[in-house]
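Below is one structure, written out as structure tokens; the observations come after it.
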Amino acid sequence: MMGAALEPFAQLIARVDASIDLARACLLIAQDAYPGLDVERYVGEIERMAMRLRGRLPQNRGAEDRVVALNQFLYEDLGYWGNTDDYYDPRNSYLNEVIERKTGIPITMSILYMELGRRIGLPLEGVSFPGHFLVRLRLRGGMLVLDPFSGGAPQSEDELRSRVKRVIPDGVADDLPASELPLDQFLEPATNRQILSRVLRNLKGIYRESDKPERMLDVLNRMLIVTPDASAELRDRGYVYQRLECYRAAFKDLTDYAERDPDAPDLDEVRSKLMELSALCARLN
């Protein structure tokens with residue numbers, strides 16, 4: 001049964017993907033770390049920023065001019081910047097903190113950038129580029145790819161290929177010069193659910209590294225709303241439940257995982273864990 005705190009998020013995610021309010025969904029995620037967070041206050045702040053930006057837009061100018069105006073407003077006038085100093089600070093992944101502190105990581109900076117852009121008539125789309133989230137804008141003459149983490153800087157084909165070359169596994173493209181790496185597959189637009197999944201995966205990794213199982217549980221609960229068929233997240237939640245001594249919940253998640261993925265490579269380990277949990281649950285009766 002879903003907790004009441006997750007209901008508004010679940011209702012939002014149940015919508016058709018294109019109608020999911022990305023900023024609102026991110027702020028609902030932040031309520032786990034900031035109980036009582038006023039979502040409407042921060043949605044309103046984005047609206048006020050967009051209103052100020054609209055007031056200074058040149059009349060009847062094209063998309064490129066709007067991008068220039070957005071970059072000047074967000075980075076020069078308001079002072080937003082990509083946080084290279086403390087990249088893995090969890091605050092960088094929470095949109096309320098990004099707005100308050102004027103800094104974040106590529107995906108949260110991109111979300112704010114897209115939300116402002118859409119409010120001034122720029123149909124920006126997120127791009128789950130390997131290792132570094134970007135945004136793109138379709139233009140009459142092609143496509144503009146921008147990096148909101150680096151001041152909204154446009155990315156050339158050479159720069160994008162170099163980025164791919166740095167993150168793809170060794171041996172995959174060793175024989176290909178950077179100029180011949182195919183880019184199209186890396187520049188497909190991300191859905192809103194994919195964007196939210198990436199935000200949550202970042203938080204999951206941060207809280208795993210810092211050994212905060214309660215926070216990990218909050219994140220995994222959200223992940224399983226966004227991607228209910230994600231077997232790995234179900235398994236990981238089972239392990240977190242066990243650490244938190246919620247043995248019946250752990251037993252259910254790991255049982256469901258074993259049934260859902262009977263060919264999983266870690267099934268022997270999971271079955272061993274289920275035997276432990278079965279004994280622990282029996283003691284609770």
Side-chain angles (χ1 to χ4, degrees), residues 1-22 24-35 37 39 90 93-94 107 126 128 133 188 190-285:
M1 185 168 171
M2 188 180 299
L6 292 174
E7 281 291 349
F9 186 73
Q11 290 171 10
L12 191 59
I13 299 303
R15 297 179 182 177
V16 174
D17 190 89
S19 68
I20 293 173
D21 185 329
L22 198 53
R24 189 177 299 275
C26 289
L27 291 164
L28 288 170
I29 289 170
Q31 283 185 326
D32 292 331
Y34 304 90
L37 182 144
V39 169
S93 292
Y94 291 118
I107 191 161
S128 280
F133 201 87
E188 286 297 309
T191 66
N192 286 323
R193 287 185 183 84
Q194 288 169 340
I195 293 169
L196 293 169
S197 291
R198 188 153 169 168
V199 169
L200 289 163
R201 278 198 305 276
N202 287 342
L203 283 166
K204 178 186 174 186
I206 288 167
Y207 289 133
R208 178 192 280 140
E209 286 298 312
S210 57
D211 195 27
K212 294 183 177 175
E214 294 90 351
R215 285 275 176 261
M216 257 192 85
L217 180 60
D218 289 335
V219 171
L220 287 163
N221 283 336
R222 302 267 181 190
M223 292 181 88
L224 285 163
I225 291 172
V226 178
T227 53
D229 297 329
S231 298
E233 315 309 343
L234 187 63
R235 176 204 60 207
D236 290 351
R237 189 174 69 175
Y239 287 143
V240 170
Y241 271 136
Q242 184 187 21
R243 282 201 64 194
L244 296 173
E245 299 182 358
C246 302
Y247 299 128
R248 289 194 178 97
F251 186 83
K252 183 180 187 315
D253 275 358
L254 292 179
T255 300
D256 289 347
Y257 170 75
E259 290 175 355
R260 182 183 290 186
D261 197 354
D263 299 319
D266 60 349
L267 204 56
D268 288 344
E269 180 187 335
V270 169
R271 284 178 177 147
S272 174
K273 194 67 70 177
L274 282 168
M275 288 175 66
E276 285 178 43
L277 287 165
S278 181
L280 289 165
C281 289
R283 287 182 208 162
L284 297 176
N285 294 329

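We count residues from 1, following the sequence as given. Values in this document were obtained by computation on a predicted structure and should not be read as measured data.
R15 meets the side-chain contact (heavy atoms from CB on, under 4.5 Å) test with L12, S19, I20; sequence neighbours excluded. Listed by chain and residue number, D211, V240, R243, L244 satisfy the side-chain contact (heavy atoms from CB on, under 4.5 Å) test with P213 (two or more places apart in sequence, or in another chain). Scored by the salt bridge (Lys or Arg N to Asp or Glu O under 4.0 Å) test, D261 finds no partners at all (sequence neighbours excluded). Checked against ring pair (Phe, Tyr, Trp, His ring centres under 6.0 Å), Y94 has the following partners two or more places apart in sequence or in another chain: Y34. The side-chain contact (heavy atoms from CB on, under 4.5 Å) search around L224 returns E233, L234, R237, not counting sequence neighbours.
The CZ atom of R198 lies 7.0 Å from the CG atom of N202; values are rounded to the nearest 0.5 Å.
Contact of the L267 side chain with the D263 side chain is not registered, since no non-hydrogen atoms from C-beta on lie closer than 4.5 Å. At a threshold of 4.5 Å between non-hydrogen side-chain atoms, the residues F9 and V226 count as touching. Contact annotation: the side chain of R235 never approaches that of D253 to less than 4.5 Å [non-hydrogen atoms, C-beta and beyond]. Side-chain contact check for Y207 versus D218: every heavy-atom pair is 4.5 Å or farther apart. Between K204 and L200, the closest side-chain pair of non-hydrogen atoms is not below 4.5 Å.
For T255 (side chain) and F251 (main-chain N/O), a donor-acceptor pair under 3.5 Å exists by modelled atom type. Between the side chain of D17 and the main chain of N192, a donor-acceptor pair closer than 3.5 Å is present. T227 places no side-chain N or O within donor-acceptor distance of the main-chain N or O of A230, the cut-off being under 3.5 Å. The closest donor-acceptor contact from the side chain of Q242 to the backbone of A250 lies at 3.5 Å or more, if one exists at all. Of the possible donor and acceptor atoms, one in the side chain of R193 sits under 3.5 Å from a partner among the backbone N and O of I13.
Note on residues 221-232: pairs passing salt bridge (Lys or Arg N to Asp or Glu O under 4.0 Å), not counting sequence neighbours, are D32-R222.
For the 3.5 Å distance criterion, the side chains of D236 and Y257 fail to qualify, holding no donor opposite an acceptor.
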Just do the side-chain contact (heavy atoms from CB on, under 4.5 Å) check on E245 and Y247 with the steps written out, would you? CA-CA 5 Å; E245 299 182 358; Y247 299 128; 3.3 Å; yes
Begin with the C-alpha distance, continue with both residues' side-chain angles, and end with the deciding distance and a verdict on side-chain contact (heavy atoms from CB on, under 4.5 Å) for M223 and V219. CA-CA 6 Å; M223 292 181 88; V219 171; 4.0 Å; yes
Carefully, step by step, assess E269 and K273 under the rule side-chain contact (heavy atoms from CB on, under 4.5 Å). CA-CA 6 Å; E269 180 187 335; K273 194 67 70 177; 5.5 Å; no
Evaluation steps, side-chain contact (heavy atoms from CB on, under 4.5 Å), between L254 and Y239: CA-CA 8 Å; L254 292 179; Y239 287 143; 4.1 Å; yes
